[in-house]
Amino acid sequence: MVGKKQKLSKKIAKKYTLHRKYYSDTVSEYSSLNPFQRTKKSDKYAAISDKVNAQNQRIKELEEQQEQEELEQEIGGDVDTLYEVGPSSYDLLVKSSQDKLKLRLKQLEEQERLEKQKQKSDKKRSFSDIKDQNDEDDEDNDIEDDVEEEEEEIEEEEEEEEEEIEGEEEEEEEEGEEEEAEVEGEEQVREEELNSDEEDIEGEEEQVREEEEQELNSDEEEEEVETEEQDFTDVYGNKNDKEEEEEVETNKLLEKLKKSELFENTNNNGIYNIHFNKDIPSKEEMNELLLKSQNLESVSSEIDDIGIITSIGCIDYNLNEKQQQQQQQQQQQQQQQKKKTNQKEQKESILPNLKNTFHDYDIKKRLYKPWLKSKTKKENELYFTNLQKNLFPIFNEYRDLLYTEESMKNHKSIFKLYALHAVNHIFKSKDQLSEDNALINECKKLKKPEPDLRHQGFTRPKVVIIVPFRNTAFEIVRFILKLVPHELKDQVENKTKFNNEYTQFDQDQEINENKPDDYKYIFRDNIDDCFRFGLSFRKGGVKLYSTFYHADIIIASPLGLRLVIGTEGDSQRDFDFLSSVEVLIIDQIDSIQQQNWDHINVLFENLNRIPIQDHNIDFSRLRNSSLEGLSKHLRQTLLFSSSLTPELNSIFNQHCKNIAGKIRIKKIKNGEITNIVPSLRQTFHRLYLDSSDDSKIRFNFLIDNILPKFIQQGENSGILLYISNFFEFTMIRNYFRKEAKSYVICSEYTDPKAITRARSQFKEGAKTIMLFTERFHFFNRYNIRGIKHVIFFGLPQNSHFYSEILNMITENDGSIISLYTQKDKMALERIVGTQRSYKMLESDKPTHLFSN
């Protein structure tokens, strides 16, 4: 029917809406991605003509090959050994004379045509004058007849001339055909080949006409996209690929470089220069700086809607600048007064210094407009939210950060802020390198000794971003492409491949609307947890899927990076690309802990190590701190999570040794027990640690005290045993299996059919106990029915799981028992609240009861 709108499948519709809405940089790209737009007829015929030209080129190559073979047969040797003599002087003379004669003939023909045209126009004018005179006088009718006869004669002459011209053209064509027949030699064979090619072309033309009448076929388009992207290689590239070079200004002098728009001087000011370009030639000086930082007293401050900010060992960079200026002035003016002057010494760790403008933060000017366009509300001159306003000073001063108040509401503002910081850091390092190259070129031109410029690391990657799933990586890259200046934004390599790999997801795993909001946010779109790719900034644009040693930013999942790093003893492993990392960002750590935390430990063990191989390193421009293996003390580490755990706290204390200091941010907790709906009696049992493991202490208390009480009370159904650790789960499962207990299992490794059967048996009361793991609840969030009693073998690491489990209980007579030790004080604080947890840990009583 006319006017009926074409329908597309959900997959194709999503694909094209994503492309058109988010990834079209120009109007032409936006219109070209219209799924209803058919390919133009001219484009398809152009493709056919290209095919014909290719066939002609092949025929020409065959002729040249035949001539070469004939020459080889006549000479009896290789043709390449002959010298090309070229045409003789006589041939050149004849050819030049022929060319002159042809030009002269063409000129004469043009003159004759012009003369004939003039004669015709003169005759027509005279006849028109005669007609006008006859109409006025009305006397002589014979004149009109003469005029008509002369006009007919002129027309006949024109027709004869046209026939003569056509005859000459036909004769020329015949002569050309005869000459071609004499030169070619094997005309019949080639005519057959051309005829077959013409038939193919005619067939293709018919197919084009048929395709124009048909609707858009989605399957064919997907196959075309796949064939186009088969040329792209993995992130490591092939051996045959040409090595990419870091594109910096190497040939420009310093004056020309400063005039360019895409350069800003970083040598004279900025915390980047103070922090990373500090001359630390030995380990002793580094230990002195670390000792000064550790001796500073910690300072805390509470900010509304942000939490308590604790500054630990943060050096005042402004004070260091003033001290350096004072020392220089004293050395120049009076050396004797140097002993009398008392400089201020820092005694306390400083809090972040809030600033008002991009210039104050040393943010590159070319990032200002893109950042403003990404914002809708203007809360201040920086267009920062309240959280961004308090976090960015920490980023900009290159302090380590542990932020444990991340949520689905503030996650977007957090990853946009650290994406801005990462891009700004890369631009600073590139401008630094360009300035150094310009200074060296200027010294070479003036024949002066080259300065000692040591501002580089072992390898190119400067920033590493670790996220759990592809959905977060996709949003980060999309925002980085928006931040890139417009002149660089037009060309982005491998964008189509990236969109296809990071937006497609399994439609069978559609999220139920009844799931919690945080679950729908975490598991949105593509949730693949094995990926890695490099991102490089160049003059021509941004390149995705850069090899690691030619990338500026590496974005990966813990598993994807672990497959490259490997472990000791692996035949193939590589960690040299992590030797010069200056900024490490780990986001959504609460989700990473549900995957495999060992990958994060391996990552920190291999960061900032001296590389094993030489990767074209210019040692004359290498930082002394890198040569001494001290670059880990200059690395900035940013950690973001929704909860503080012992594993995360251990990483922050052991591996975050930044000389600039570190900062913690956390809120005072009210406790998750306030979100419980049914009225339940909640009992918390504290177990005291001894030389044995805390898991064994809890296990013995469960077997000796808790389970026998339920048996005495006659409770034969509805007991859910919540286990947060997989090792503890296997220990309890093996015991239940050995004692032939009535139980079912719901773990992350259980088959879906077995889970359905276990849930139904537990609901009906056929089984007494359900072994329920925290990872199973994290990845599924099932609503378990039939729960009467809950035993928390260990407190949940995600505090909101506590209220979710208890809100599944429909009866108010149920009992809740939670076991905890001194090691669980962080989880206890999130569940019962900060003040209550301190009282419980300081109390001498081992049991505490709560009721709502």
Q.
Return the CD to CG distance between Glu397 and Asn353, rounded to the nearest 0.5 Å.
A. 6.0 Å
**Q.** Partner residues of His275 under the ring-ring contact (aromatic ring centres under 6.0 Å, His included) criterion, sequence neighbours left out
**A.** Tyr398
Q | Criterion side chain to side chain contact (heavy atoms under 4.5 Å, CB included) on Phe392 and Lys389, from CA distance to verdict | A | CA-CA 6 Å; Phe392 193 77; Lys389 184 178 68 174; over 6 Å; no
Q | Whether Asp570 side chain and Gln572 backbone form a donor-acceptor pair below 3.5 Å | A | no
Q) Would you call the rings of His421 and Phe395 parallel, tilted or perpendicular, where under 30° means parallel and over 60° means perpendicular? A) tilted
Q) So which heavy atom on Thr637 is nearest to which on Asp400, and how close? A) N-OD1, 2.8 Å
Q: Examine Lys430 relative to Phe537 and say whether NZ or CZ is less than 6.0 Å from the centre of the six-membered ring and inside a 45° cone about the ring axis.
A: no
Q: Taking the side chain as every heavy atom from C-beta outward, state whether Asp576 and Phe458 have any pair of such atoms under 4.5 Å apart.
A: no
**Q.** Ion pair Glu582/Arg623, N-O distance below 4.0 Å
**A.** yes
Q) Does the Asp362 side chain pair with the main chain of Lys364, one donor and one acceptor, at a distance under 3.5 Å? A) no
(Q) Can you classify the ring geometry of Phe384 versus Tyr361 as parallel (below 30°), tilted (30 to 60°) or perpendicular (above 60°)? (A) tilted
Q | Test item: Arg454 side-chain N/O and Arg621 main-chain N/O as donor-acceptor pair under 3.5 Å | A | no
Q: List the atom of Arg538, the atom of Lys543, and the distance in Å for their closest heavy-atom pair.
A: NH2-CB, 3.8 Å
Q. Just how far is it from atom CD1 of Ile586 to atom CD1 of Ile651, taken to the nearest 0.5 Å?
A. 7.5 Å
Q) Can you list the steps and then say if Arg562 with Asp598 is a salt bridge (charged side-chain N to carboxylate O under 4.0 Å, His left out)? A) CA-CA 9 Å; Arg562 174 66 181 275; Asp598 186 53; 3.2 Å; yes
Q: Evaluate the ring planes of Phe533 and Tyr545, with Trp represented by its six-membered ring, and classify them as parallel (under 30°), tilted (30 to 60°) or perpendicular (over 60°).
A: tilted
Q. Quick one: salt bridge (Lys or Arg N to Asp or Glu O under 4.0 Å) partners of Arg664, sequence neighbours excluded?
A. none
Q.
Strictly distance-based, threshold 3.5 Å: is any side-chain N or O of Lys657 a donor or acceptor partner for the main-chain N or O of His633?
A. no
Q. Is there a donor in the side chain of Thr310 and an acceptor in the side chain of Ser300, or the other way round, less than 3.5 Å apart?
A. yes
Q | N/O donor-acceptor pair under 3.5 Å between Ser625 side chain and Ile280 backbone | A | no
Q. Do Phe640 and Tyr418 have their ring centres less than 6.0 Å from each other?
A. yes
Q: Identify which one of Thr459, Val463, Ile554, Leu607 satisfies the side-chain contact (heavy atoms from CB on, under 4.5 Å) criterion when paired with Val581.
A: Leu607
Q: Please say whether the positively charged group of Arg460, taken as NZ for Lys or CZ for Arg, lies over the ring of Tyr549, i.e. under 6.0 angstrom from the six-membered ring centre and within 45 degrees of the axis.
A: no
Q: Return yes if some donor-acceptor pair links the side-chain N/O of Arg470 with the main-chain N/O of Cys530 below 3.5 Å, else return no.
A: yes
Q) Looking at CG of Leu290 and NZ of Lys292, how far apart are the two atoms once the value is rounded to the nearest 0.5 Å? A) 11.5 Å
Q: Mind listing the closest non-hydrogen atom pair of Leu351 and Val299 along with its distance?
A: CD2-O, 3.9 Å
Q: First locate atom NZ of Lys347, then atom CG of Asp316, and finally report the distance between them rounded to the nearest 0.5 Å.
A: 15.0 Å
Q: For salt bridge (charged side-chain N to carboxylate O under 4.0 Å, His left out), just list the numbers for Arg366 and Asp431, CA-CA rounded to whole Å, side-chain angles, deciding distance to a tenth of an Å, and then say yes or no.
A: CA-CA 12 Å; Arg366 49 189 183 270; Asp431 288 350; 3.3 Å; yes
Q | Asn424 (side chain) donor-acceptor with Leu420 (main chain) under 3.5 angstrom | A | no
Q: For atom NZ of Lys667, decide whether the heavy atoms of other residues, nucleotides or ligands shown that lie under 6.0 angstrom number more than 12.
A: yes
**Q.** Test side chain to side chain contact (heavy atoms under 4.5 Å, CB included) applied to Leu535 and Ile480, step by step
**A.** CA-CA 10 Å; Leu535 187 68; Ile480 288 175; 3.9 Å; yes
(Q) Centre-to-centre under 6.0 Å for Phe604 and His599, is that the case here? (A) no
Q: Go through the steps to decide whether Ile565 and Glu605 satisfy the test side chain to side chain contact (heavy atoms under 4.5 Å, CB included), and finish with yes or no.
A: CA-CA 10 Å; Ile565 297 172; Glu605 290 174 1; over 6 Å; no
Q. Which heavy atom in Leu401 sits nearest to a heavy atom in Leu391, and how many Å separate them?
A. CD2-CD2, 4.1 Å
Q: Over all heavy atoms of both residues, which pair between Gly313 and Ser293 is shortest? Give the atoms and the distance, please.
A: O-OG, 2.6 Å
Q. Can you name the nearest heavy-atom pair linking Ile553 to Ala422, along with the distance?
A. CD1-CB, 4.3 Å
Q: Run the numbers on Met826 and Thr645 for side chain to side chain contact (heavy atoms under 4.5 Å, CB included), then give the verdict.
A: CA-CA 6 Å; Met826 298 176 185; Thr645 61; 5.5 Å; no
Q) Are side-chain heavy atoms of Lys662 and Arg399 found at a separation under 4.5 Å? A) no
Q. Is there a donor-acceptor contact under 3.5 Å linking the side chains of Ser642 and Glu405?
A. no
